[in-house]
Amino acid sequence: NYVQTALSELVDALQSDPDKPLCELNILPEPERLMQLTQWNTFAPELPLVECLHQRFEAHARQSPNAIALIFDGLEMTYGQLNAKANRLAHYLRSRGVGSEHIVGLCVERSFEMLIGILGILKAGGAYLPIDPNYPKERISFMIGDAAPYIVLTQEIFMEGLPEGTSLFCLDRDATVLSDFPDID
């Protein structure tokens, strides 16, 4: 009976307005449509709160601030140190206007600055755009032109290879600027 009614409604709808898109056709009887929309559509499962990468990192840094987070070229950095540097960068980026609607490019080689940059961008609320400094100059120019990052974080050795007019911050050369910003989130 239900299937017959639905098919009958479909045939009537197709005959009355054959040019109407299928997605706009109402083939369910009104009581059935109301039941689906009001009674059967009330389930709202409670979803677990999902933490972002930088939030999980911050929690771990609070738990184990003196644990080694990075080892690079024989140098070490603890979770507490890395978190503090990322927080300073995040505060700097926010002071420059970076927020949830902004793309921030990161054009650095594998280094401490890479992790500081990624975490700082995420903590500031920006979207992280990885730019491999080994890409051809044309590819980097295309990526920056296409994505239009609000700012690009880089290292001094890569500054000349970036397109003119790009807003830049040099993570290694200008690191002392960040010391003026808070190291807590």
Side-chain angles (χ1 to χ4, degrees), residues 46-185:
E46 199 167 303
L47 300 174
L49 181 62
V50 178
E51 288 182 309
C52 295
L53 171 71
H54 63 282
Q55 293 167 324
R56 298 214 43 186
F57 174 83
E58 179 119 12
H60 187 76
R62 275 194 302 272
Q63 282 181 328
S64 306
N66 297 319
I68 301 300
L70 300 172
I71 300 173
F72 184 76
D73 278 348
L75 301 173
E76 296 178 346
M77 187 179 291
T78 66
Y79 280 93
Q81 292 168 328
L82 178 56
N83 192 47
K85 288 176 183 290
N87 284 337
R88 283 191 171 107
L89 179 58
H91 284 287
Y92 169 78
L93 291 171
R94 284 189 212 122
S95 78
R96 294 276 308 263
V98 171
S100 63
E101 298 297 319
H102 297 106
I103 296 170
V104 178
L106 184 64
C107 184
V108 297
E109 61 189 357
R110 293 181 188 270
S111 60
F112 288 149
E113 286 87 6
M114 177 183 270
L115 271 293
I116 293 166
I118 293 170
L119 289 169
I121 292 165
L122 296 176
K123 286 174 175 255
Y128 156 61
L129 172 68
I131 303 168
D132 188 332
N134 296 314
Y135 282 160
K137 189 174 181 175
E138 297 79 24
R139 173 75 176 143
I140 292 172
S141 291
F142 172 79
M143 289 176 70
I144 290 174
D146 187 53
Y150 190 77
I151 189 170
V152 174
L153 307 178
T154 190
Q155 293 164 313
E156 191 169 14
I157 61 173
F158 303 119
M159 290 186 72
E160 284 185 27
L162 297 171
E164 279 188 43
T166 304
S167 179
L168 301 174
F169 180 76
C170 187
L171 289 169
D172 52 357
R173 184 190 69 200
D174 301 329
T176 57
V177 170
L178 300 178
S179 63
D180 294 338
F181 291 89
D183 65 355
I184 56 173
D185 194 27

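Sequence positions, counted from 1, serve as the residue numbers for this chain. Below, each value reflects all heavy atoms present in this structure, side chains not excepted, and no hydrogens, waters or symmetry copies.
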- Within-4.5 Å side-chain heavy-atom neighbours: Tyr135 and Met143: yes
Could you tell me if the side chain of Asn87 sits less than 4.5 Å from the side chain of Glu58, heavy atoms only? yes
| task | Verify, without hydrogens or angle tests, whether His54 (side chain) and Ala124 (backbone) share a donor-acceptor contact under 3.5 angstrom. | result | no
query: Do Arg96 and Tyr92 meet the criterion of a side-chain donor-acceptor pair at a distance under 3.5 Å?
result: yes
Smallest heavy-atom separation, Met77 atom then Gln81 atom, equals CA-OE1, 3.4 Å
(Q) Does atom CG (Leu75) have a neighbourhood of more than 12 heavy atoms from anything else shown, all under 6.0 Å? (A) yes
- Query: Would a line drawn from the ring center of Tyr150 to the ring center of His102 be shorter than 6.0 Å?
  - Reply: yes
_So Phe169 and Val104, do their side chains get closer than 4.5 Å, heavy atoms only?_
no
Can you tell me how the ring of Tyr79 sits relative to the ring of His60, calling it parallel under 30°, perpendicular over 60° and tilted otherwise?
perpendicular
For Leu82 and Leu70, the nearest pair of non-hydrogen atoms, with its separation, is CD2-CD1, 4.0 Å
Scanning both residues in full, the closest heavy-atom pair of Lys137 with Glu160 reads NZ-O, 4.2 Å
What one should report as the nearest heavy-atom pair of Lys123 and Ala90 is CB-CB, 3.6 Å
Mind checking whether Leu162 and Cys107 have side chains closer than 4.5 Å, heavy atoms only?
yes
Rounded to the nearest 0.5 Å, the CG atom of Leu129 sits from the CG atom of Leu153 at a distance of 10.5 Å
Distance col, row Ile118:CD1 vs Tyr128:OH, nearest 0.5 angstrom, shows 3.5 Å
Taking atom CZ of Arg173 as the centre, does the number of heavy atoms from other residues, nucleotides or ligands within less than 6.0 Å exceed 12?
yes
Closest non-hydrogen atoms of Ile184 and His91, given as atom of the first, atom of the second and distance, are O-NE2, 2.6 Å
query = Do Leu119 and Leu89 come close enough that some side-chain heavy atom pair is under 4.5 Å?
reply = no
Smallest heavy-atom separation, Pro149 atom then Val152 atom, equals CG-CG2, 3.7 Å
Q) Is there side-chain contact between Val108 and Asp172, with heavy atoms separated by less than 4.5 Å? A) no
- Query: Using a distance-only test with no angle check, is there a side-chain donor-acceptor pair under 3.5 angstrom linking Glu109 and Ser111?
  - Reply: no
### Query
Got a donor-acceptor contact below 3.5 angstrom from the Thr154 side chain to the Met159 backbone?
no
d(Ile144 CD1, Leu168 CG) to nearest 0.5 Å is 7.5 Å
Interatomic distance, CG@Asp132 vs CD1@Ile140, rounded to 0.5 Å, equals 7.5 Å
Rounding to 0.5 Å, atoms CG (Leu93) and CG (Leu178) come to a distance of 8.5 Å
Test item: Ser100 side-chain N/O and Gly125 main-chain N/O as donor-acceptor pair under 3.5 Å: no
